[in-house]
Amino acid sequence: MFINRKFALLITENITMKYHFNEIEKKWQDYWAKNQTFKATNPSSFGGGQEEAPKYYVLDMFPYPSGAGLHVGHPLGYIASDIYARYKRHKGFNVLHPQGYDSFGLPAEQYAIQTGQHPAITTEENIKTYRRQLDQIGFSFDWSREVRTSDPSYYKWTQWIFIQLFNSWYNKDADKAEDITELIKRFSSEGNTNVNAACDDNVTIFSAEEWNGFSSEKQQEILLQYRLTYLAETEVNWCPALGTVLANDEIVNGVSERGGHPVIRKKMTQWSMRISAYAKRLLQGLETIDWPEPLKEIQRNWIGKSVGASVTFNVIPNVTLSAVEGSHKIDVFTTRPDTIFGVSFMTLAPEHELVLQITTPEQRAEVEAYIEATAKRSERDRMADVKTISGAFTGAYAEHPFSKEPIPIWIGDYVLAGYGTGAVMSVPCGDQRDYDFAQHFNIPIPNIFEGVDISEEAFADKENTIIANSDFLNGLSYKKAVKRAIYELEKLGQGQGKTNYRLRDAVFSRQRYWGEPFPVYYVNGMPQMIDAKHLPITLPEVEKYLPTETGEPPLGNAKKWHWLQYGDEANVVSKEEFENSSPLERLGGALELNTMPGWAGSSQYFNRYMDPQNDDEIFSQEAINYWQQVDLYIGGSEHATGHLLYSRFWQKFMFDLGLVPYDEFAKKLINQGMILGTSAFVFKARPFIKIEDRFYGLKEFLNIYFSIDVLNGEEFVENVNGTNLILKWLDEKWPIALEGQESHLFDEEVILALQIRHPNKYDLLNKIKNKVYFKLYQEIRVPVEFVDSSDCLNIDGLVDWSNTQYINARFVGNQDGTFKVKRDVEKMSKSKYNVVNPDNICEQYGADSLRMYEMFLGPLEQYKPWNTAGITGVHNFLKKLWKLYHQSENGSFYVTSSPPSEGLGEALKTLHKTIKKVEEDIENFSFNTSVSTFMIAVNELTAQKCTSKAILEPLLVLISPYAPHIAEELWSQLGHNESISTASFPKFDESHLVESTKNYPISFNGKMRFTMELSLDLSKEDIEEAVLANEKTKEQLQGREPKKVIVVPGKIVNIVG
RNA sequence: GCUGAAGUGGUGGAAUUGGUAGACACGUUGGACUUAAAAUCCAAUGGGCAUUAGCCCGUGCGGGUUCAAGUCCCGCCUUCAGUACCA
């Protein structure tokens, strides 16, 4: 303790002299929090003649607060968006830059199942960690607007939107969602014949009279087929042992990834979202938004638009079947109606509903066996196995719409029940799958392409297609033939042009506890929405977070989970309480047991930030009309088909409802690349002994680890240190009596070779002295914190850290005593020991260094490896920056307000060059190059010994978005009382960059040889003359006459000759 | 297979409309300061030949356009990512 006083004294003396980043950063983070520096103003607060500032909305994809906390890869996007947000504030914008948590999710629930701890508690703890970590990096978030998806005051509105979706249907004529009451009106006045809606495939036609005659339940059932969210039987992957539904990627080889339990396909009643209604608009909308092309492409593929025709084939009635059973139609969708004359068979999915009806008695056994065999195969199996061709003939035939020829109908599992109509017209000459199928089953392959050989494979090239052997389509190109075929089909009443989308409706139910409850109760099996005024319906307490014994979702464990309502009075009660209540004027019933999926809460949060505390509306119209939409959204591309597609869907829905002014929620989106870890490896080696040119391995061997430059890819390596280790070890372990004892050390052959001839220990050790070799056995990862900037391993640190693995280990390194590891770039993860924690970086180098270094690593969108060693570069830069403002003799703050007349020109040039470049860089999201620019500027100003306030003050504003803490500190030392975030961005002045001369590169045949300083006033001719007169030019030409001289004034001179 | 992105020193990367390739850093080597270490500062650093000037080769590979190509065009190779029996 006695040194501390002296030490403390030293610090106080130096506080203004040295760059004490820890103190500075703490100070300003506290200041920002206390003064609410980054609070965004809503229009309602402008008032009092305050002018309405232009708005800018910068948003990060909000995090799931995991227990592991943040690693250095996570904040990359947040830093970029923070720089942009701070920049926009300097540019005079009212910036909305909020943050929150996507706090419902599986890990918390899994943890709850294991420990019994309520997910809300662990989530709260995790959020605290996240908040602390985010705060220490110095983000300019407006925390007063924080939202959490698991907060009832937030998920109230998630439930509210669900109700709106339930109360809506999609009118294809108006091409928008409309209130369900409109649909009910039309049903009761005209039935559903003329209703053009996005609905289930199997709706039955009814008249107004029929509708009005239906029971209430029947009417509700029909309406479910039209609602934008609906209950439907869906096939799911059910794992009985785990009691839950699994996603496709949770199943490996037909069994659950966790535990290896069998998985069956099961039909379950689930909520679904009719996102398919929006397929067309989701696709078209992509044209209007500035999102990365690869991301748009992923969404386009996911939506999967294909243009073609639907064709109806009549099944030829089979004499053995009755007339009713015999008349069937098969609808197919094809993108190639031009190839209709190439059809030589049809293929139905084995699950197709017509299969059993049309199968002839003779084929029945074979077809049923095939159906059974396919049902056993998981979807994943079927997808993975593309090579095996299988199928069965139904015995039935369809009639070709034009040629009236009979076409055999097959079933095959290469046709998917879930896509199109689950049936295809097979054109083997034009589709490789059809071709393979036809070949396998000896079905004819008629050629309908002019001048094309199809003896080897199908011909699928649309561009070069000329149709032949096709009646009225002969000689036509693909495009013309398609049009003509559709025209003829329509004339026949057996088809029409059609656009198909791959996009499926999204299942919205999860058998989980930790998610939003549905605002739904059931009466006679029919779902009823709870009135919005009773929201939120909060998650009930349960004793266990597992499914019930009867296989119900975890909410089935809740003691109180019935809705009971009389008039405005409503409560969640127990089953008994409900059953004992008076049925008179009672509303209610059992509440929904499923919860909503992870993407429910994240599909509208960006709008809620605009007015997050509003308890009466999801957001006020005033707020949404002011903030409008996200101007810049930054996040990972892994959300391309999840969050980003569903959010666009909900936003379009809310647009249809007139709630939001734009039907796209984010104008511009940037995908930040991932920061990868640099793993470190040591080489575990196995010793061998070489006897008569053969290598014999030691059966049991030491924990020996080699440095990369000792053991690098070589087959067998000799090493003195290693050999000594082995000999010493053998010496210690060698039993006094040899016979039979050493067998655990060597392979048997070695024993045979040695035993007889060398019964004496020392004799043997001597004998093998020069014959010990090492071979790489395993590359083992070591924690990167024990590796320094030169890839040298801190062996003591590693041994101290490990409990067992390295306790008795030997490390064989270089002669100079260092031990180098192998480095490899991999995804950052705990199991790879390559995670770098931002806490340590902030402590050691400061948040400003972390922020700058993350940007300095490379372009934002790019994947790039993290290497802590490099951070000293930006850290040194910040120290130099600090020094630039502390140039007095004793190192204290020194800035002159009256600049020396001499030298200011150079400094102004440096400043304005920097302003220009940094502004361009930020606008282009090229943050890495800005950091270099700052380095150059500070290097130049330091060399110029610049102390002028006129230069150093604006420079701080430029740097402040990147390194806000140091900028605030120096700003206050300059005498400012307000945060630097209120300062306006310096104005670029071209006049300071005007040059009178240019150092021209002089090239010969395109190769630069030397440079020449020439006035920029010179004409082309003057330049040419000056260059040709130069001694060096003559030297280069060596007497040759230049054929041509290219002069680009201000750029370059090139001499050809 | 299809779709998309990218290949530049030992490493991360720069070169914005074709005009001095390798900015800015890391690392490495040498030097200064120090009893020493750290910190700091200075110098060198694409490869090769010469070691003084200088010369040759160099942006995945092979061609082409051009006075001039990392950048534009054609053909390939490799890596990464997404996706997959989509009719």
Side-chain angles (χ1 to χ4, degrees), chain A residues 292-298 300-302 304-306 308 332-336 339 347 349 382-389 412-416 418-427 430-434 436-437 460 500-503 637-638 640-641 673-674 678 788-791 823 825 852-853 856-859 861-877 879-880 883 917 920-921 924 926 928-936 939 999-1011 1035 1042-1048 1050-1057:
Chain A
E293 200 47 49
L295 193 148
K296 287 192 191 179
E297 200 58 31
I298 292 172
R300 280 192 202 106
N301 291 338
W302 195 259
K305 179 182 176 178
S306 41
V332 299
F333 173 75
T334 177
T335 54
R336 299 292 305 270
T339 63
T347 317
R382 270 171 73 173
M383 286 196 297
D385 180 16
V386 197
K387 299 243 159 61
T388 321
I389 296 161
D413 67 4
Y414 79 97
V415 178
L416 303 178
Y419 185 73
T421 60
V424 299
M425 57 175 231
S426 303
V427 183
D431 182 289
Q432 195 56 42
R433 283 158 306 163
D434 294 345
D436 295 340
F437 194 88
N500 217 20
Y501 293 93
R502 191 174 78 106
L503 185 68
S637 58
E638 66 271 22
T641 53
M674 199 185 288
T678 314
D788 73 6
S789 55
S790 315
D791 294 345
R823 307 225 72 166
V825 172
M852 284 218 136
Y853 188 50
F856 187 64
L857 283 177
E861 302 90 333
Q862 206 164 294
Y863 279 54
K864 52 217 169 237
W866 176 273
N867 191 354
T868 305
I871 201 171
T872 53
V874 290
H875 189 64
N876 281 341
F877 157 74
K879 283 194 213 163
K880 275 190 218 162
K883 267 193 195 161
K917 176 86 171 114
E920 281 168 4
D921 283 346
N924 292 320
S926 171
N928 55 324
T929 48
S930 292
V931 180
S932 307
T933 306
F934 293 137
M935 289 174 172
I936 294 167
N939 286 346
N999 197 21
Y1000 277 94
I1002 312 300
S1003 350
F1004 292 80
N1005 299 318
K1007 288 199 167 69
M1008 205 280 288
R1009 290 303 173 201
F1010 60 91
T1011 58
E1035 222 172 89
K1043 286 191 189 113
K1044 203 171 173 186
V1045 179
I1046 310 279
V1047 178
V1048 184
K1051 284 243 158 122
I1052 199 168
V1053 176
N1054 190 18
I1055 297 163
V1056 187

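A note on names: the letters A, B, ... follow the listed sequences, proteins ahead of strands, and every chain is numbered from 1. A quick note: this is a predicted structure, and the numbers were derived from the prediction, not measured.
Taking every heavy atom of both residues into account, M852(A) and F877(A) meet most closely at SD-CE2, 3.6 Å. When every heavy atom of R336(A) is checked against every heavy atom of T334(A), the shortest pair comes out as N-OG1, 2.9 Å. The minimum heavy-atom distance between S1003(A) and I1052(A), with the atom names listed, is OG-CD1, 3.6 Å.
A gap of 14 Å separates the P atoms of rC73(B) and rU17(B), to the nearest Å. Only the C1' atoms considered, rA25(B) is 22 Å distant from rA6(B), to the nearest whole Å. Comparing rG60(B) with rG13(B), their P atoms are spaced 15 Å from each other, to the whole Å. Distance noted for atom P between rA15(B) and rU71(B): 15 Å (whole Å). Straight-line distance between the C1' atoms of rA43(B) and rG4(B): roughly 46 Å, to the nearest whole Å. Separation of the C1' atoms belonging to rU59(B) and rG47(B) is 14 Å when rounded to the nearest angstrom. rC26(B) and rU20(B) have their P atoms separated by 26 Å, with the value rounded to a whole Å. Comparing rU66(B) with rG82(B), their P atoms sit 43 Å apart, to the nearest whole Å.
A donor-acceptor pair is defined here as one N or O able to donate and one able to accept, closer than 3.5 Å; such a pair exists between the side chain of Y1000(A) and the backbone of G1050(A). When atom types are taken as modelled, the side chain of T335(A) and the backbone of G308(A) share no donor-acceptor pair closer than 3.5 angstrom. Without hydrogens or angle criteria, R1009(A) side chain to I1002(A) main chain gives no donor-acceptor distance under 3.5 Å. In terms of modelled atom types and a separation under 3.5 Å, the side chain of N500(A) and the main chain of S306(A) share no donor-acceptor contact.
The CD atom of Q432(A) sits 14 Å away from the P atom of rG1(B) (whole-angstrom rounding). Rounded to whole Å, atom P of rU3(B) lies 14 Å from atom CD of E293(A). Rounded to an integer number of Å, the gap from L503(A) CG to rC86(B) P is 17 Å. Remark: P of rC86(B) and CG of D431(A) are 7 Å apart, rounded to the nearest angstrom. Counting to the nearest Å, the C1' atom of rG27(B) and the CD1 atom of I871(A) are 16 Å from each other. Between the CG atom of D434(A) and the C1' atom of rA87(B) there is a distance of 7 Å, given to the nearest Å. Taking atom CG of residue L295(A) and atom C1' of nucleotide rG82(B), one finds them 10 Å apart after rounding to whole Å. R336(A) places its CZ atom 14 Å from the P atom of rC86(B), with the value rounded to the nearest Å.
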Inset, instruction - Going 5' to 3' through nucleotides 38-48 of chain B, assign each nucleotide B (protein heavy atom under 4.0 Å from a base atom), S (under 4.0 Å only from sugar-phosphate atoms) or - (no protein heavy atom that close). - result: -SSS-------

Inset, instruction - Encode nucleotides 12-24 of chain B as B, S and - characters from 5' to 3', where the letter depends on protein heavy atoms closer than 4.0 Å: B to the base, S only to sugar-phosphate, - to neither. - result: BSS-B--BB--BB

Inset, instruction - Take I871(A) and F856(A) through the side-chain contact (heavy atoms from CB on, under 4.5 Å) test and state the conclusion after the steps. - result: CA-CA 9 Å; I871(A) 201 171; F856(A) 187 64; over 6 Å; no

Inset, instruction - Could you check N939(A) against K880(A) for side-chain contact (heavy atoms from CB on, under 4.5 Å), going step by step and ending with a plain yes or no? - result: CA-CA 8 Å; N939(A) 286 346; K880(A) 275 190 218 162; 3.3 Å; yes

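Of the candidate nucleotides rA87(B), rC56(B), rU3(B), rA87(B) has the atom lying nearest to any side-chain atom of V415(A).
Annotation: salt bridge (charged side-chain N to carboxylate O under 4.0 Å, His left out) contacts of E638(A) (sequence neighbours excluded): none. For D431(A), the salt bridge (charged side-chain N to carboxylate O under 4.0 Å, His left out) test picks out R433(A), with sequence neighbours left out. Residues satisfying the salt bridge (charged side-chain N to carboxylate O under 4.0 Å, His left out) test with D436(A), not counting sequence neighbours, are none.
Residue R502(A) has no polar side-chain atom (N or O) positioned under 4.0 Å from OP1 or OP2 of rA87(B).
An anti base is found at rG4(B): its glycosidic angle is more than 90° from 0.
There is a side-chain donor-acceptor pair under 3.5 Å between D921(A) and T929(A).
A residue-by-residue look at N1005(A) and S306(A) shows that N1005(A) has its nearest nucleotide of RNA chain B further toward the 5' end.
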Inset, instruction - For RNA chain B, produce a single dot-bracket line, 5' to 3'. Pairs: Watson-Crick or G-U wobble, both distances under 3.5 Å. Symbols: ( ) within strand, [ ] crossing, | other strand, . unpaired. - result: (((((((..(((......[....)))((((((.......))))))((((....))))..(((((..]....))))))))))))....

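Nucleic acid contact for T872(A): sugar-phosphate only, since backbone atoms but no base atoms lie under 4.0 Å from a heavy atom of the residue.
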